[in-house]
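Report on the structure given below.
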Amino acid sequence: MTSPSPGVLDWLARLIALDTTSRDSNLRLVDLVAEHARSLGLDPHVFPNEDGTKANLVVTVPDADGETAGGVMLSGHSDVVPVDGQAWASNPFALTERDGLLYGRGTADMKGFNAIIVDVLAELVAQPLREPVHIALSHDEEVGCIGAQPLVDGMRSVGLAPRVCFVGEPTSMRMIRGHKSINLVTITLHGLAAHSSLTAQGVNAIEHAASVVRYWRERADAWRTTGPFDEAYPIAHTTGSVNQIAGGNGVNIIPAECSVTLEFRSIGTAADDQAEIDALVAYCREIERAMRAEDASASVEIDVRAQTPGLDTPTDSDAVRLGEHLGLEVQDDKVTYGTEAGIYANAGISTVVVGPGDIAQAHKPDEFIDPDQLAQCEAFIGRLIDHVRV
């Protein structure tokens, strides 16, 4: 059993102490890391979102000639999932050691990796490099990887185009080449309120929403039974689920509104995903016509909240070859969860996922990471520094 350096533990405690739940701002974390980068003589790039409440951050350590083109990107996300309603044995926003494990929101997903890549900046600055290294922290990964494409666009706007990226999501330090896509859709049905004794005078949004729920369950059942299948995944088919539903405002009122949020995680291509969304939209238009037959004012809104591409990095790619050179094993198996890696790969950056911690701990109460995982990741980053050192 090995332990991470004191610097990594210090940064992990500082990052955990900042509540960067996706619904809130991440600017305190961005400011903290950016100021640290400036103290090392670096010029961080801060890319705010449209309303200025959040930002992406890229810190580049140039090569020995001062060039920033190409290079290796180490990518993490700054946000975490909520702790609301979860029973924690300790303060989720205070790093706590218990029975040899480190507890706190984000320890595994993914402030452990972030602490390592921020701590290593000083070492990167202290020596000449053969190629630049980019530290990237995005916003809003946990709500559909919303910040990743703006991060790519921001890098392009300042002339940064890394050739390789390691996304540090928790993989127990296994190099992951493939994962499913994520597609998130909210359907809001607008009916007509009426007294519940006068059903013919209203349009029941919940009842029509139930048709959407049933349709989506039938799609999920079809994927489960007829495929297509890819046995490299632990769940070998596309999955679908209804994850949120809200509607109604009284036990004796015909509900005027109902919203349904559903997702699917696909093993298919982007074209397959879009075809599935198009079919869902067409079905919702059928529901809308049925509602309008009851009252012309009824309507259905469809909001595609996130479409995060899957990842399928070839074994002969630059990222896999570099990972293998740095001591990682080439894996054939793929994972069911999604990451920002597909967005970076689509931008022309050879990308794999590798990071400390177990995804099974993510999003749970009493989230934790084994210090040995942090030490393994720190050693991996150390080997990368040796590789890029002149």
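Everything numeric in this text was worked out from a predicted model, so none of it was measured. One is the number of the first residue; the rest follow in order along the sequence.
- Pairs engaging residues 174-204 under the ring-ring contact (aromatic ring centres under 6.0 Å, His included) rule: none recorded [sequence neighbours left out].
- Sorted by first and then second residue, the salt bridge (Lys or Arg N to Asp or Glu O under 4.0 Å) pairs with a member in residues 249-264 read E263-R265; sequence neighbours excluded.
- Cluster note: I146 groups with V143 through ILVMFWY side-chain heavy atoms spaced under 4.5 Å, whether in direct contact or through intervening members.
- Taking Ile, Leu, Val, Met, Phe, Trp and Tyr as hydrophobic and joining them when side-chain heavy atoms fall under 4.5 Å apart, one finds I254 isolated, its cluster having no other members.
- Counting side-chain heavy-atom gaps under 4.5 Å among Ile, Leu, Val, Met, Phe, Trp and Tyr, the cluster of Y233 also holds I267.
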Validation: residues 314-329 side-chain donor-acceptor distances under 3.5 Å, sequence neighbours left out:
residue, atom, partner, partner atom, Å
S317, OG, P314, O, 3.0
S317, OG, V320, N, 3.3
R321, NE, D316, O, 3.2
H325, NE2, H387, ND1, 3.4

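- Other residues sharing a hydrophobic cluster with F229 under the 4.5 Å side-chain heavy-atom criterion for ILVMFWY residues do not exist; the residue is a singleton.
- Among residues at least two apart or in separate chains, there is no ring-ring contact (aromatic ring centres under 6.0 Å, His included) pair with a member in residues 49-85.
- Residues in residues 260-298 take part in these ring-ring contact (aromatic ring centres under 6.0 Å, His included) pairs, two or more places apart or across chains: Y215-Y283, W216-F264, W223-F264.
- Judged as a ring-ring contact (aromatic ring centres under 6.0 Å, His included), the pairs with a partner in residues 89-136 (not counting sequence neighbours) are, in order, Y103-F368.
- Partners of Y344 under the ring-ring contact (aromatic ring centres under 6.0 Å, His included) rule, at least two apart in sequence or in another chain, do not exist in this structure.
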inquiry  = What verdict does the side-chain contact (heavy atoms from CB on, under 4.5 Å) test give for L311 and R177, after you've listed the backbone C-alpha separation in whole Å, the side-chain angles of each residue and the deciding distance to 0.1 Å?
reply    = CA-CA 7 Å; L311 178 71; R177 300 184 299 108; 5.8 Å; no

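- A heavy-atom distance below 4.5 Å is found between the side chains of V260 and V213.
- Qualifying ring-ring contact (aromatic ring centres under 6.0 Å, His included) partners for H36, counting only residues two or more places apart in sequence or in other chains: W11.
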